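What follows is one structure encoded as structure tokens, with my remarks underneath.
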Amino acid sequence: MPQSFESLRFRVGDGLVLAQMPEAKPRMPFDPEVMAFLHSFSKIVLALPQARPHSDVISLAFWCRKAALEKMKQTLQYKERLLGRGVVFHIAPSNVAVNFAYSLFAGLLTGNANVVRLPSKMFVQVDIICEALNQALQQHVAIRELICLVQYGHEREINNALSALSQSRLIWGGDKTIALIRQSPLSPRAVDVAFADRYSIAIIHADEYLAADNKQRIAQNFFNDTLLTDQLACTSPKVVVWLGERKAEARAQFWAHFESYLQDRPDPEAVSVVKTLADYCQLAAQNPALKYIPSGTRHIFRVEAEAVSQEMLDTHHGNGLFYEWLVNDISEIMSICGEKCQTVATFGVSRNNIEAFIVNHAPKGVDRIVSFGETMEFSLHWDGYDLLKTLTRTITLSPDY
């Protein structure tokens, strides 16, 4: 093992597995042994008592159940012959607990061996997932050569060494992380997939919301989309756009139900509340038109804006700050649909309305349009990338062959 790897802390796999990983045989996507391993992992997680309080871990386990994987396989069918590229080096973000596991599973399902740098921040979810992976590997010994999960600091020499042995690299964590990791060269045919700093938005049709009879469930879904990660995930909406006629009535009911749902949640840390207040005061000094809306909970900080700019979202630091923007037509949001806009979460907005917006305005951003409660649902189409195609080689057979 290269000297540069000596400071690695292995959570799954070991130095021997890592050293031999470049020799691992690439597999075809949705390899049966890989799918059986992931299904075993799912069953192990769902049986762990310590996993139950963590909805993100439970969602991960449901994502890789056998039935879900089979459905995914049927959905992502290609006529070409695809084969994993080799070794994928994953750099996980530090602010989302389970992202590393989805990234790992994407690498496995596309037929690759995988070395994953785990989040630098300590999460109990990481411990639970690593424990389950190690248990599953005891049942599926053949998969051991495909997985190494490691922790280390920001040593340039380790980044260099792991990049050198990889045929693909998935960089999560934002623009600064991308710039740092890209200082470590890849081989000429290797593929870089970078997930840059981005933001997401929510759109609610007021009249449709008022007609809904499941408002408490809507509040729960909105929480999962936003405050489950303190709005730090790129998928977490930071602005709520209101369409429709009865906006005032809908807003009052929506936030009342949301505040009711938050009553049973732990109070945010005082430093987070103060930071959000300071951010608002700085914004209000620059834009006196911003209007603070008092709330009955410390979890959220509502600010009504006559218009929301990309700069306002770029400088958003999470922690429950929600901009509210009242519009008459969906086309008014084009100013925040540039290439940094990732996901649009909607409630009550018709598919025809969304499709017309995409066709007529062709926004440079907006890679995902989902319903409330689905912003965190990972798929092999992510951030505008088709990971199944990106992390595989296409082997072409001549029609005359």
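Everything quoted here is computed from the prediction, not taken from an experiment.
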Inset, instruction - Output every pair passing salt bridge (charged side-chain N to carboxylate O under 4.0 Å, His left out) with a member in residues 162-181, not counting sequence neighbours, ordered by first then second residue. - result: R169-D192
Legend entry - More than 12 heavy atoms of other groups within 6.0 Å of E339 CD: no
Legend entry - Test: K215 cationic atom under 6.0 Å from Y209 six-membered ring centre, within 45° of axis: yes
Legend entry - Approximate separation, where rounding is to 0.5 Å, of L18 CG and L165 CG: 6.0 Å
Inset, instruction - Taking all heavy atoms of S166 and all of S187, pick out the closest pair and write down the distance. - result: O-OG, 4.0 Å
Legend entry - Between Q151 and R9, a side-chain donor and acceptor under 3.5 Å: yes
Legend entry - Smallest separation among heavy atoms of C341 and I336, with atom names: CB-O, 3.3 Å
Legend entry - Minimum heavy-atom distance between D329 and L243, given as atom pair plus value: C-CD2, 3.9 Å
Legend entry - H154 atom NE2: more than 12 heavy-atom contacts under 6.0 Å: no
Legend entry - Other residues, nucleotides, ligands: >12 heavy atoms within 6.0 Å of R156 CZ: yes
Inset, instruction - Scan residues 57-74 for pairs that pass salt bridge (charged side-chain N to carboxylate O under 4.0 Å, His left out), counting only residues two or more places apart or in two chains. - result: none
Inset, instruction - Answer yes or no: does atom CE of M334 have more than 12 heavy-atom neighbours from other residues, nucleotides or ligands under 6.0 Å? - result: yes
Legend entry - Side-chain H-bond candidate by donor/acceptor type, N352 with S350, under 3.5 Å: no
Inset, instruction - Apply the test salt bridge (Lys or Arg N to Asp or Glu O under 4.0 Å) to residues E306 and K291: give CA-CA distance (whole Å), side-chain angles for both, the deciding distance (0.1 Å), then the verdict. - result: CA-CA 9 Å; E306 293 181 354; K291 178 183 177 182; over 6 Å; no
Inset, instruction - Using the test side chain to side chain contact (heavy atoms under 4.5 Å, CB included), find all partners of A179 that sit at least two apart in sequence or belong to another chain. - result: none
Legend entry - Any side-chain donor near an acceptor of the partner, T297 and H299, under 3.5 Å: yes
Inset, instruction - Starting from the C-alpha separation in whole Å, work towards a yes-or-no answer on side-chain contact (heavy atoms from CB on, under 4.5 Å) for V303 and Y280. - result: CA-CA 8 Å; V303 177; Y280 165 72; 3.5 Å; yes
Inset, instruction - Quick one: sort the F258 and F223 rings into parallel, tilted or perpendicular, breaks at 30° and 60°. - result: tilted
Legend entry - Neighbour count >12 (heavy atoms, 6.0 Å) for atom CD, Q50: yes
Legend entry - Considering all heavy atoms, the nearest E145-A142 contact: CG-O, 3.6 Å
Legend entry - Closest approach of A136 to F37 (non-hydrogen atoms, all atoms of both residues): CB-CE1, 3.4 Å
Inset, instruction - Provide the closest heavy-atom pair for C130 versus V12 in the form atom of the first, atom of the second, distance. - result: O-CG2, 4.0 Å
Legend entry - Donor-acceptor under 3.5 Å (H316 side chain, L321 main chain): yes
Legend entry - Residues R189 and Q167: side-chain donor-acceptor under 3.5 angstrom: no
Legend entry - Distance-only side-chain donor-acceptor flag, H140 / S40, under 3.5 Å: yes
Inset, instruction - Ignoring hydrogens and angles, tell me if any N or O in the side chain of N114 forms a donor-acceptor pair with the backbone of C148 under 3.5 Å. - result: no
Inset, instruction - Could you list the residues that satisfy side chain to side chain donor-acceptor pair (under 3.5 Å) with N159, not counting sequence neighbours? - result: Y152
Inset, instruction - For Y78, enumerate each residue passing the side chain to side chain donor-acceptor pair (under 3.5 Å) test, keeping only those at least two apart in sequence or located in another chain. - result: D386
Inset, instruction - Give every residue pair that meets the salt bridge (charged side-chain N to carboxylate O under 4.0 Å, His left out) criterion with at least one member in residues 31-43, sequence neighbours excluded. - result: R27-D31, R27-E33
Legend entry - side chain to side chain contact (heavy atoms under 4.5 Å, CB included) partners for A233, two or more places apart: V96, T229, T235, S236, M376
Legend entry - Set of residues satisfying side chain to side chain contact (heavy atoms under 4.5 Å, CB included) with respect to Q20, sequence neighbours excluded: L16
Inset, instruction - May I ask you to check whether F254 and F222 place their ring centres under 6.0 Å from each other? - result: yes
Inset, instruction - Rounded to the nearest 0.5 Å, what's the gap from CG on L228 to OG on S55? Could you check? - result: 4.5 Å
Legend entry - Any residue meeting salt bridge (Lys or Arg N to Asp or Glu O under 4.0 Å) with E208, in chain and number order, not counting sequence neighbours: none
Inset, instruction - Go through the side-chain N and O atoms of N319 and Q231 and say whether any donor and acceptor fall under 3.5 Å apart. - result: no
Legend entry - Residues D127, R11: salt bridge by 4.0 Å N-O rule: yes
Inset, instruction - Sequence neighbours left out, what pairs pass salt bridge (charged side-chain N to carboxylate O under 4.0 Å, His left out) with at least one residue falling in residues 353-367? - result: R198-D367, R351-E355
Inset, instruction - Any pair with a residue in residues 102-122 that passes ring-ring contact (aromatic ring centres under 6.0 Å, His included), sequence neighbours left out, goes on the list, sorted by first then second residue, please. - result: F41-F105, W63-Y102, Y102-F378
Inset, instruction - Could you list all the side chain to side chain donor-acceptor pair (under 3.5 Å) pairs where at least one residue sits in residues 250-265, not counting sequence neighbours? - result: Q216-H257, R251-E304, R251-E324, W255-E324, E259-S295
Legend entry - W172 ring center within less than 6.0 Å of F100 ring center: no
